[in-house]
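Working notes, structure below.
A note on names: the letters A, B, ... follow the listed sequences, proteins ahead of strands, and every chain is numbered from 1.
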Amino acid sequence: MKIMNMVKAINDALDLKLKEDKSIVVYGEDVGVEGGVFRVTEGLQQKHGADRVFDSPLAESTIIGSAIGMAVAGMRPVVEIQFSGFAYPAFDQMVSHLARMRNRTRGKYTTPAVVRMPYGGGINALEMHSESMEAFYGHTPGLKVVIPSTPYDAKGLLVSAIESEDPVIFMEPKRIYRAIKQEVPEELYSIPIGKAKVVSPGTDITVVAYGAMVREAQKAAALAEKEGISVELIDLRTIYPLDRETIVESVKKTGRVAVVAEGPTTFGVGAEITALVNEGAFLSMEAPPKRITGFDTLVPYPQGEHFYMQSPEKILFEIIDTMNY
Amino acid sequence: MKIMNMVKAINDALDLKLKEDKSIVVYGEDVGVEGGVFRVTEGLQQKHGADRVFDSPLAESTIIGSAIGMAVAGMRPVVEIQFSGFAYPAFDQMVSHLARMRNRTRGKYTTPAVVRMPYGGGINALEMHSESMEAFYGHTPGLKVVIPSTPYDAKGLLVSAIESEDPVIFMEPKRIYRAIKQEVPEELYSIPIGKAKVVSPGTDITVVAYGAMVREAQKAAALAEKEGISVELIDLRTIYPLDRETIVESVKKTGRVAVVAEGPTTFGVGAEITALVNEGAFLSMEAPPKRITGFDTLVPYPQGEHFYMQSPEKILFEIIDTMNY
Amino acid sequence: MFDVYHPTKKELFQIMDNEGKVINKEWFPKIDDSTLLKAYKELVFARAADLMIVSYQRQGRIYTYPPGYGQEAVSEAVAVQMKKEDWVVPAFRELPLYLAKGASLKDVFKFYMGDEKGAGWSNAKNMLPISVPIATQLPHAVGLGYSLKYNKKDNVVYAFVGDGGTSTGDFHEAMNFAAVWKVPVVFIVQNNQFAISVPFETQTGTDTIAIKSVAYGMPGLRVDGNDFFAMYKAIEQASEHARSGKGAVLIEAVTYRRGAHTTSDDPYKYRTKEEEELWEKKDPVKRLKAYLITNKLWTEEEDDRHIKACKKEVDKLFIETEQELSYELDEVFDHLYSELPDDLEKQKARYKAFLEWKAKRK
Amino acid sequence: MFDVYHPTKKELFQIMDNEGKVINKEWFPKIDDSTLLKAYKELVFARAADLMIVSYQRQGRIYTYPPGYGQEAVSEAVAVQMKKEDWVVPAFRELPLYLAKGASLKDVFKFYMGDEKGAGWSNAKNMLPISVPIATQLPHAVGLGYSLKYNKKDNVVYAFVGDGGTSTGDFHEAMNFAAVWKVPVVFIVQNNQFAISVPFETQTGTDTIAIKSVAYGMPGLRVDGNDFFAMYKAIEQASEHARSGKGAVLIEAVTYRRGAHTTSDDPYKYRTKEEEELWEKKDPVKRLKAYLITNKLWTEEEDDRHIKACKKEVDKLFIETEQELSYELDEVFDHLYSELPDDLEKQKARYKAFLEWKAKRK
Ligand SMILES: Cc1ncc(C[n+]2csc(CCOP(=O)(O)OP(=O)(O)O)c2C)c(N)n1
Ligand SMILES: Cc1ncc(C[n+]2csc(CCOP(=O)(O)OP(=O)(O)O)c2C)c(N)n1
Ligand SMILES: [Mg+2]
Ligand SMILES: [Mg+2]
């Protein structure tokens, strides 16, 4: 075991997998020489060579498009999009090809590529650097969407993503890239994609979160505890395919649910969780599911970002509201 | 009044607005000389000149990107994306600029452009020609998303879209481009964006639909009638901003709701309708909202499309199921 | 050769004239007679199939189809000299090449009859499916090229796109990546003068496509795409260049789509009969046939017989395909992921429940 | 001029050397002394501001900032000769130009302090905001150009992008549209040798950016971007071309980003001190100053005084901005749509309810 932050844990997963499997290559803007603007790929080029870890020209569509070609040819590309807000030029490649090649060719050609992208707010960044638009990818048939919330999960989930036979959009909560440190095994291990995790059990209300919001929800749960409310906190870990069962079972027990997510509310993750709870635990529901999610606005520039971001107190406010329903 | 199909009604709206307002231009691939692959812009170049109605190179990103520039400069571009499945190369321009320019500049620069795109299945087309991904746009803060279901609505809503100070994604259900004929006023009129329409009142269950699905839902409602089920059918007309009130009021009365939509279920329109009903009419709900929506798959090629598309019978099946809850 | 016909000179590389007479001996390729005849027969077969698919479409036995009529020599020039492990990245009008790569015509039929089972070319090795979104396949070609280079194979990637496709961002990005990464990709632009109704002059600001190679520091060549020998030589040179590790090449094949854009299109909205007649004279099959007959490699009688045989074969395969056609619910669900996710499992089960209900109801 | 320095010749258009000596009299532009001094003073002001913003950032008084240090002459050459109604479409390193266009330095501060109120350049006419997603602004320039042409105005659009930006699809599409539509856009590529850590050779397959103009049938010119006179002349010629209805032009301004990519970047990861020193010799402000002093238009004393005055002015404005800084909840909601949709109204109200609850709770 070694103390790692998320940056190191991801780096470690890449390093170990690069060592193990020669079909893996890692590339993207500034990924090679510089080791990424967040230093996630630091040292990997020196260790594994410039034909395996390298810089690409500034063009997201062909970063992902070329990865599709490599994957079809049997390689395992792990590409980085510098910020999720710059993935949109590649949206067509993701929606039209990355997600579709297997289905289109009845499994003859597959695209087991991983697209890593830091996402989310809270780092006082310029516009387009703080998005949480995971629902776009969750709504795209053919993709898997994974979001870790801790260094330990980041390593284990990334290993699974790389080993997955399906394309995975791997979104990294950059806000907690270095904020959480944790004991992480030095060897390879994997955490299954598609399984949520009950972070802490509780009896009064289920709170569903993922990415950087898990930590906020944990703090909120502690505050709620003081108010006599027992929160069952679930970390989604995977946005698609959703682990509906874990959530439904929890809500059957608690009768109440709140979703904490950064992205815009409408057509967002909170809506889908609401729907699945309705479909799976209708008769247990004692209050309407609560969406503690982003405004239907842009993420404000840093001066206004605090209005937009979820805080433990705001989560508590909504939990109490739901308890009082 | 004149009998028109949807193609003619849209053509009429464009023609009248082009005549009225010199700041309007209409362009896109094959829009000018040919009059569009669906003939929606037929005759407009001859009438209004090649500097106002014209063909563009094959490049969706710059079709929409250039429209942003024109709109900022005070023009009113109405651009066509040939099929909604080819809008993804322009996704970045829509998400990062079309939707954001007003907010970014605190209203100094605005982008009152209309992006028309035929969408939806049921025409036995090749891959990428049958998508219903309106949830992508509905989830994008800064856009309005409008979908007509009849010739009359198409004309009136398009006029509103062109007159709107905000950018509008105008999605046209190509499956019923020529299938429905109706009396349509020859003069200009507008239908407000953001207001749903109660197509037919009922007491047992609310069915929410839009675009080509309204017609299927109408047929289903007729079948349900025979089974003794009274359906209140609502045509959303606008995907964002949603007319939550009309739906909530209806469900308060009926206690049950089903959503009919072509797009994938997960993170789709059905989820959002479920959430808004929970939030607005929780205590009136007698059954979980039903999503009669697309599989989380690609739209199959024509031989398999019938499995994917909603039919009156399938809608009835789910309505009965919800009534029996 | 790339210097002699440098794109800045704006010359068109040709070897034979419209009557099949060799006008440029210097660059005449070395092809033995049997290969040449094979190529011609394949051309004729593809043309027969193409025309018949259009007529099946008219009969309502197939959905929308984009004919390759008039452009066949471009992809046949690749077909006849590619290696087994070379990759083909199609646009959607390269019928002779699909067949030469091992695709069964039945798969082509299935695809245009609306069945995914035809899309992946089940019998062919190393060929991507037809690309519906224009030019989006070119980045894939770069990735395939990278894999060849990475694995030190001496194969190449043949990537096709149309004149319209050169306006897209993906065209540019792929060309630039290919140049920077020095990958073995031969980009072939089939400049057939139109993108649906939009003529070349409305599509791009240059007189040629070949000149665009200059922007990538890549060899480029403007070739008469209806001149089989010129196309053959161009592909030979480009392949050699790419195969030997010197990087990518851009070939502009000047040709003409003699048919409609697709069976849903009406060309008379945007072009004239005169123009069509002009290009009829330059027809690639006609020209190669003239060469073969002049050089006593082929006769009119053989030609008639071959055409008839082709048509018969095509029709036999088509009828078989019609009979084999089937589409189960599983097809909708089972190929999207490596394992069926729970959600899809449930959605499938739900649909089956509906079918049962429906059956009972009647 | 575009023929004389045709990009296929791969020449660099220069007028003065590193010591400010005129080495190319033939193309020396006509600028009167007062305009020249104005330009120089603006350069110095922008540089002072730029350097001070970096130091404010170090002090934690501003967020991430991308310095323009070393590239100032490129945009100043536009600043000093553009017309009032000309459009400016920035990338994000054109500080002298923003100010000349009428933007207040306070807006620049606000933007980098994280306040949207600075983004729209409240006092400036016809200038788009800084473009965060690289090169995506270029299609907007085409649309602005179309509107000028459509409305028969003799204005032009100056659109900026970096060397990295030329790899994007939007760069290509915009260039192609501009060529086909013949719109009055002057595209200015600031080739500062790097895109963050990625050097020019890893970015593109050609030796120059100017050569890419050939792919669009557009005039192109490779200019020493650190040579104010060369830049001035190039912009003058390009503007004349565009203004007179002849269409777009591509200018490659060869320059160097002397600072970090942004204040979060560490250039020593990817470049050497030696390289930096090399480019220090070519610094644009230093060179213009040398010219002015040699030609007795300016003195060291005046320079010192001016720099001091600039710094004082910058600091005054910065402190004022700090004091004025404010951000209300309404700012988050009220500018997204022309009218506040119900959903946003409710979300805002809900947030206010939370704030009240929170206030009471304490
Ligand atoms: C991204 C995208 N936009 C639009 C279309 C619709 N479309 C299909 S073919 C075509 C024209 C293609 O022209 P070209 O590249 O010259 O190929 P050709 O059809 O002439 O072979 C268009 C616009 C598409 N398939 N993909
Ligand atoms: C579409 C997009 N991808 C990635 C980024 C992140 N990014 C910001 S600046 C930059 C490099 C830009 O290089 P260049 O165009 O040469 O401009 P320079 O910074 O050198 O002025 C990158 C990759 C971005 N802003 N937008
Ligand atoms: Mg074409
Ligand atoms: Mg640069």
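Dense packing is recorded around NZ of B:Lys253, with more than 12 heavy atoms of other residues, nucleotides or ligands lying under 6.0 Å away.
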*Could you go step by step and tell me if D:Leu144 and D:Asn126 meet the side-chain contact (heavy atoms from CB on, under 4.5 Å) rule?*
CA-CA 10 Å; D:Leu144 292 168; D:Asn126 289 2; over 6 Å; no

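For chain D, no part of B:Ala67 is nearby; none of its heavy atoms comes within less than 4.5 Å. Using a 4.5 Å cut-off between heavy atoms, B:Ala71 makes no contact with chain D at all. For D:Trp121, the parts sitting under 4.5 Å from any heavy atom of chain B are the backbone and the side chain alike. Heavy atoms closer than 4.5 Å to chain B are found in both the backbone and the side chain of D:Tyr337. If you measure heavy-atom distances from B:Ile63 to chain D, the contacts under 4.5 Å come from both the backbone and the side chain. Heavy atoms closer than 4.5 Å to chain D are found in the side chain of B:Asp92, but not in its backbone. For a residue to count as touching a neighbouring chain, one of its non-hydrogen atoms must lie under 4.5 Å from one of that chain's; by this rule D:Ser122 touches chain B with the backbone only.
Geometrically, D:Lys110 does not engage D:Tyr327 in a cation-pi contact, judged by NZ or CZ lying under 6.0 Å from the ring centre and within 45° of the ring axis.
A salt bridge does not link D:Glu252 with D:Lys212: none of the charged nitrogens is closer than 4.0 Å to a carboxylate oxygen. Salt-bridge annotation for D:Lys101 and D:Asp86: absent, with no side-chain N of the basic residue lying under 4.0 Å from a carboxylate O of the acidic one. Remark: B:Asp51 does not engage D:Lys149 in a salt bridge, criterion side-chain N to carboxylate O under 4.0 Å. Classification of B:Glu249 and B:Lys252 as a salt-bridged pair holds, one side-chain N sitting under 4.0 Å from a carboxylate O.
When the candidates B:Glu165, B:Arg244, B:Glu245 are compared by the number of heavy-atom contacts under 4.5 Å with chain D, B:Arg244 comes out ahead. Taking D:Glu331, D:Lys117, D:Gln137 one by one and counting their heavy-atom pairs under 4.5 Å with chain B, the maximum is reached by D:Glu331. Note: B:Asn103 leads B:Thr110, B:Asn103, B:Thr105 in heavy-atom pairs under 4.5 Å with chain D. Contact count against chain B (heavy-atom pairs under 4.5 Å) is highest for D:Pro133 among D:Pro133, D:Gly169, D:Pro341, D:Gly145. In terms of heavy-atom pairs under 4.5 Å with chain D, the best-connected choice from B:Arg100, B:Lys144, B:Arg106, B:Arg102 is B:Arg106. Top candidate by heavy-atom pairs under 4.5 Å with chain D, chosen from B:Ser56, B:Gly69, B:Ser96, B:Gly74, is B:Gly69. Among D:Leu336, D:Leu128, D:Val142, the residue making the largest number of heavy-atom pairs under 4.5 Å with chain B is D:Leu336. Taking chain D as the reference chain and counting heavy-atom pairs below 4.5 Å, the highest number among B:Gly142, B:Pro241, B:Gly194, B:Pro77 is found for B:Gly142.
Rounded to the nearest 0.5 angstrom, B:Met101 CE and B:Tyr109 OH are separated by 9.0 Å.
Ring pair D:Tyr351/D:Phe333: centre-to-centre distance not below 6.0 Å. The ring of D:Phe111 has its center no closer than 6.0 angstrom to the ring center of D:Tyr98.
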